[in-house]
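Note that the structure is predicted; figures quoted are calculated from it, not measured. Both backbone and side-chain heavy atoms feed into the values below; hydrogens, waters and symmetry mates do not. First listed ligand is number 1; within each ligand, the first listed atom is number 1.
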Amino acid sequence: MVSQRARDTAPFLAMEVLERASGREDVVHLEVGEPAFEPPEPVIEAAVDSLRSGDTDYTAARGKPALRQAIARRYDRRYGVDVDPERIFVTPGSSPALLLSMASLVDPGETVVLSDPHYASYPAFVSAVDGEVRTVPHAAEDGFQPDLAAYERAIDADTAAVVVNSPANPTGATVEGKTLASLASTAEAAGATLVSDEIYHGLSYDATEHTALEYTDDAFVLDGFSKRYGMTGWRLGWAVVPPTYVEAMNRLAQHTVICAPSFVQDAGIAALETPPERLAEIRDTYRERRDLLLEAVADWGLDAGYTPDGAYYLLVDVSGLPGDSLDVAELFLEEAAVAVTPGVDFGEGASDYLRLSYAAGTEEIREGIRRIDDLLAEFDV
Ligand code: PMP
């Protein structure tokens, strides 16, 4: 019999829309965070060299030492933070790192505090370890920034973890360093642990990024190669864990993921050597795509009233259109062949919105805009 937990797990709508749209050649994809960039050539070469040399065995559960050292060097280079490679776990994507973090931190019935809106998969990870979700609303008029007083009220003795995601999916909001520091100390004071999902670092357009590790060692910090290096299907990510969790995390990783693919770990080392100018070029292209979409959204009269300053998503307010955001997403797909994600995927607070991803190529985005222009011409918004 299918378990209650499995029955209670909501589908990931962005992936469902992708599946529905994938049989149709005509669809413009603004639903998933799939970078239109290929990984840098040396990354591909490193993977192929590694495969050819037969480097395809299991590695240690926490990953190859050379990759963990390269990740530690990145924290020093980018943020001036000294991280012991012993605290770094390489995983097949950051998703298993999230699940292992929750499994290390949360006992059944304990609370995990999430923002609302939040990344669609967080509640599924909490439910997988029998935790309880408590959400804190983030408002469009505040640029979807956290309200620290609301977090102080939500975090209590039952709280095991507080998740922060900056730059954020689905809002694109980036939190300031001092806000991150306050969230870490509020969590710590209540005996809870901050989980900082930093997978969109490197994709900030107007804001400076800070890692939680600048403020505390008592945080789980998640990051990966999917977004910045265009390596979604390669499945490579990592977690930096507090020193007291290293052994627990290792045991859980040994049994569940065993290790990230060996040759992909070699590709990860090459990815971390990507020249900063190349990464800046990619970031600037995303900024142009964001601005293109922001302008279109304002023309459509669907402006959510904020400027997303990172990641490659933006929320669009469709409360003025007929039906709910599921209906509007359906209309966009069926009538304009543009795939978008209904906001309800990201919590109640996003249910009046659609999430548009500008990870797609510039021409694809322009075509999507033209199609939505034509469709909305029929509506009085
Ligand atoms: N965190 C966030 C906020 C994400 O948007 C995603 C991917 N959409 C992930 C984690 C997981 O990424 P991956 O498993 O590819 O590293």
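Distances from ligand 1 to the non-hydrogen atoms of Asn165 include at least one value under 4.0 Å.
Per-residue contacts place Arg235 under 4.0 angstrom from the following atoms of ligand 1 (heavy atoms of the residue considered): 13 (P), 14 (O), 15 (O).
Glu214 approaches Val81 most closely through the heavy-atom pair CG-CG2, 3.6 Å.
Relative to atom 11 (C) of ligand 1, the option among Ala97, Ser95, Pro167 with the closest non-hydrogen atom is Ser95.
At under 3.5 Å, a nitrogen or oxygen of Lys227, whether backbone or side chain, sits near a nitrogen or oxygen of ligand 1.
Looking at Tyr200 against ligand 1, only its side chain comes within 4.0 Å, counting heavy atoms. The proximity of Ser226 to ligand 1, defined as any non-hydrogen pair under 4.0 Å, is limited to the side chain.
Aromatic ring orientation, Tyr205 versus Tyr358: tilted (interplanar angle from 30° to 60°).
Judged by distance alone, the side chains of Ser166 and Glu198 never bring a donor and an acceptor atom under 3.5 Å apart. Between the side chains of Asp197 and Tyr122, at least one donor N or O lies within less than 3.5 Å of an accepting N or O.
The 12-atom threshold is not exceeded at CZ of Arg52, counting heavy atoms of other residues, nucleotides or ligands nearer than 6.0 Å.
For the pair Leu100/Thr256, a side-chain contact is recorded, criterion being any heavy-atom separation below 4.5 Å from C-beta on.
Scanning the protein heavy atoms around atom 1 (N) of ligand 1, the nearest turns out to be Asp197 OD2, 2.6 Å.
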